[in-house]
Peer 1: 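What follows is a single structure, and I will ask about it in a moment.
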Amino acid sequence: GPSGVTLLRNERAARGPAFLDRIEVRRAGDLASGLRAFEAGDADVGFLGAGLHRRRAGAVDFRTDPFGFVVLRTGALAGTWGAPGVAARLVSGLDPSRFSHLGLSPRGGGAPVPWGGPPADLLVDGGAPYLVEIARVAAAALSASGHEIRPYPLPERELAARREGGKYALAVDFVRRLGPGKDDGLLSLLAGADPKLADRPPRFAGQNEDSLTRTLPLAVLGELAVVGAHAPSWSGIEQWDLGAVFAPPQAGAR
């Protein structure tokens with residue numbers, strides 16, 4: 001339906017019936033409404049907190065393993081500020097504390113590097129309130145007088161079309177990990193910048209995310225994990241493997 005989706009237990013699933021009888025996923029217009037629902041007992045998981053105004057009684061904090069990267073992209077409309085490595089320079093000057101309430105830790109902390117390109121829109125998926133909030137914080141952190149950045153939420157399809165056509169100056173986006181290892185993460189960023197780069201990837205010996213993104217038109221704002229609190233009646237949610245799509249089958253699994 002327009003407000004969410006209900007997932008019911010499948011008795012005839014290929015790997016056996018699901019462990020849960022029912023999951024109700026409801027759309028939250030912003031981060032605050034989700035935390036408000038958790039605080040009031042109307043939701044069982046609070047993303048990025050244990051309540052909006054006060055901590056829900058009995059709430060249990062949790063954090064899953066990261067399963068992707070939130071990235072800042074630069075595009076052709078940025079002119080010379082869209083060149084490879086510019087996004088890495090911008091992120092290197094960010095104050096990590098500005099993103100801590102969003103569960104991100106940009107590897108910045110260096111001398112601030114304000115945006116020097118023309119006034120620009122910072123594109124972001126308007127259907128993802130979390131990314132929209134990240135875009136607002138990033139826009140405020142990078143803007144300078146005469147070089148203002150405005151967060152600009154778009155429908156997912158339009159954002160994808162602009163990204164693929166290079167018709168943007170700046171964008172906040174998500175790159176999913178291709179695997180759990182370090183090299184898998186670096187390969188993910190290569191593919192996120194340009195799928196052709198991942199066809200014949202270089203050797204990553206001695207490289208990390210920072211050194212790699214100095215050659216790419218994107219930089220990592222932080223790794224994305226599910227962090228927050230869950231109802232006391234729940235258990236094991238912090239062990240959910242959200243990267244299970246790339247996990248090899250265990251011995252004896254059917």
Side-chain angles (χ1 to χ4, degrees), residues 4-7 9 13 15-16 18-28 30-39 41-52 55-72 96-107 124-125 127-135 137-138 156 172-189 191-192 208-209 219-250 253:
V5 61
T6 298
L7 307 174
R9 188 172 189 259
R15 298 186 179 184
F19 294 110
L20 301 180
D21 294 323
R22 178 189 188 99
I23 300 176
E24 292 184 5
V25 182
R26 283 176 287 166
R27 186 183 302 276
D30 51 41
L31 297 179
S33 61
L35 288 174
R36 188 183 300 112
F38 179 72
E39 181 182 308
D42 295 331
D44 293 304
V45 179
F47 182 46
L48 294 176
L52 181 60
R55 185 180 179 87
R56 176 173 167 175
V60 179
D61 295 330
F62 77 97
R63 183 184 183 90
T64 67
D65 289 334
F67 58 96
F69 305 95
V70 178
V71 300
L72 176 70
S97 66
R98 300 186 71 154
F99 296 83
S100 59
H101 68 291
L102 295 168
L104 297 181
S105 299
R107 295 176 182 175
V124 63
D125 181 357
Y130 176 62
L131 295 181
V132 171
E133 184 60 28
I134 292 172
V137 174
E156 182 181 6
V172 166
D173 205 358
F174 171 69
V175 173
R176 187 177 180 85
R177 291 187 68 98
L178 298 174
K182 175 187 173 182
D183 285 359
D184 296 320
L186 298 178
L187 184 61
S188 304
L189 293 171
N208 56 28
E209 295 163 14
V220 176
L221 288 170
E223 288 191 287
L224 178 59
V226 180
V227 57
H230 62 75
S233 58
W234 280 52
S235 64
I237 187 173
E238 64 279 358
Q239 298 171 347
W240 286 11
D241 184 1
L242 297 174
V245 291
F246 53 67
Q250 297 181 0

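This is a predicted model, so every value here is computed, not measured. Just the heavy atoms: all of them, side chains too, but no hydrogens, waters or symmetry mates, feed the values below.
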Peer 1: Has the side chain of Tyr130 got a donor or acceptor atom that lies under 3.5 Å from a matching backbone atom of Leu102?
Peer 2: yes
Peer 1: To the nearest 0.5 Å, how far apart are CZ in Arg36 and CG in Leu31?
Peer 2: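 Reported value, rounded in 0.5 Å steps: 11.0 Å.
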Peer 1: Give a yes or no answer on whether the side chain of Thr64 reaches the backbone of Ala225 with a donor-acceptor pair at less than 3.5 Å.
Peer 2: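 Not at all, since once roles are kept as given, no pair shorter than 3.5 Å links the two residues.
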Peer 1: In sequence, state the C-alpha distance, the side-chain angles, and the governing distance for Val71 and Leu189, and then conclude on side-chain contact (heavy atoms from CB on, under 4.5 Å).
Peer 2: CA-CA 9 Å; Val71 300; Leu189 293 171; 4.2 Å; yes
Peer 1: So with a 6.0 Å cut-off around CZ of Arg27, is the heavy-atom count from everything else above 12?
Peer 2: no
Peer 1: Working to the nearest 0.5 angstrom, can you tell me the gap between Arg177 CZ and Leu186 CG?
Peer 2: 8.0 Å
Peer 1: Which atoms form the tightest heavy-atom contact between Leu178 and Ser188, and what is the distance?
Peer 2: N-OG, 2.7 Å
Peer 1: Looking at every non-hydrogen atom in both residues, tell me the closest pair between Ala28 and Ser33 and how far apart they are.
Peer 2: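 Here Ala28 and Ser33 meet closest at CB-OG, 3.5 Å.
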Peer 1: If every non-hydrogen atom of His101 is compared with every non-hydrogen atom of Arg98, which pair is closest and at what distance?
Peer 2: CE1-O, 3.2 Å
Peer 1: Test Glu39 against Arg55 for salt bridge (charged side-chain N to carboxylate O under 4.0 Å, His left out), laying out the working first.
Peer 2: CA-CA 7 Å; Glu39 181 182 308; Arg55 185 180 179 87; over 6 Å; no
Peer 1: Which heavy atom of Gly127 sits nearest a heavy atom of Pro129, and at what distance?
Peer 2: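 In this case the closest contact between Gly127 and Pro129 is O-CD, 3.4 Å.
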Peer 1: Once rounded to the nearest 0.5 Å, what's the spacing between atom OG1 of Thr6 and atom CD1 of Ile23?
Peer 2: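 Going from OG1 on Thr6 over to CD1 on Ile23, the span is 10.5 Å.
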Peer 1: Do Arg26 and Asp42 make a side-chain contact, defined as non-hydrogen atoms from C-beta onward lying under 4.5 Å apart?
Peer 2: yes
Peer 1: Is there a side-chain contact between Pro180 and Asp184, using heavy atoms and a 4.5 Å cut-off?
Peer 2: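 Yes - at least one pair of side-chain heavy atoms lies under 4.5 Å apart.
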Peer 1: When rounded to the nearest 0.5 angstrom, what distance separates CG in Leu72 from CG in Asp173?
Peer 2: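 The CG atom of Leu72 sits 10.0 Å away from the CG atom of Asp173.
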Peer 1: Which atom names give the shortest non-hydrogen contact between Ala59 and Ala50, and what distance separates them?
Peer 2: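 Looking at all heavy atoms of both residues, the shortest contact is CB-CB, 4.0 Å.
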Peer 1: Can you tell me how far the CG atom of Leu224 sits from the CZ atom of Arg176, to the nearest 0.5 Å?
Peer 2: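 Rounded to the nearest 0.5 Å, the CG-CZ separation comes out at 9.5 Å.
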Peer 1: So, taking the atom named CG in Leu131 and the one named CG in Leu221, what distance separates them when rounded to the nearest 0.5 Å?
Peer 2: 10.0 Å
Peer 1: Measure up the His230 and Phe62 rings against each other and bin them: parallel (under 30°), tilted (30 to 60°), perpendicular (over 60°).
Peer 2: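 Tilted, since the angle between the ring planes falls between 30° and 60°.
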Peer 1: For Phe38, is the NZ or CZ atom of Arg56 found under 6.0 angstrom from the centre of its six-membered ring and inside 45 degrees of the ring axis?
Peer 2: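 Yes, Arg56 sits over the ring of Phe38.
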Peer 1: Please report the C-alpha distance between Val227 and Leu48 in whole Å, then the side-chain angles of each, then the deciding distance to 0.1 Å, and finally whether the side-chain contact (heavy atoms from CB on, under 4.5 Å) criterion is met.
Peer 2: CA-CA 5 Å; Val227 57; Leu48 294 176; 3.5 Å; yes
Peer 1: Might you work through the ring pair (Phe, Tyr, Trp, His ring centres under 6.0 Å) test for Phe69 and Phe174, ending with a clear yes or no?
Peer 2: CA-CA 6 Å; Phe69 305 95; Phe174 171 69; 8.4 Å; no
Peer 1: Of all the heavy-atom pairs spanning Phe67 and Val226, show the shortest one and how long it is.
Peer 2: CE2-CG2, 4.0 Å
Peer 1: Could you walk me through whether Val137 and Phe99 pass the side-chain contact (heavy atoms from CB on, under 4.5 Å) check?
Peer 2: CA-CA 7 Å; Val137 174; Phe99 296 83; 3.8 Å; yes
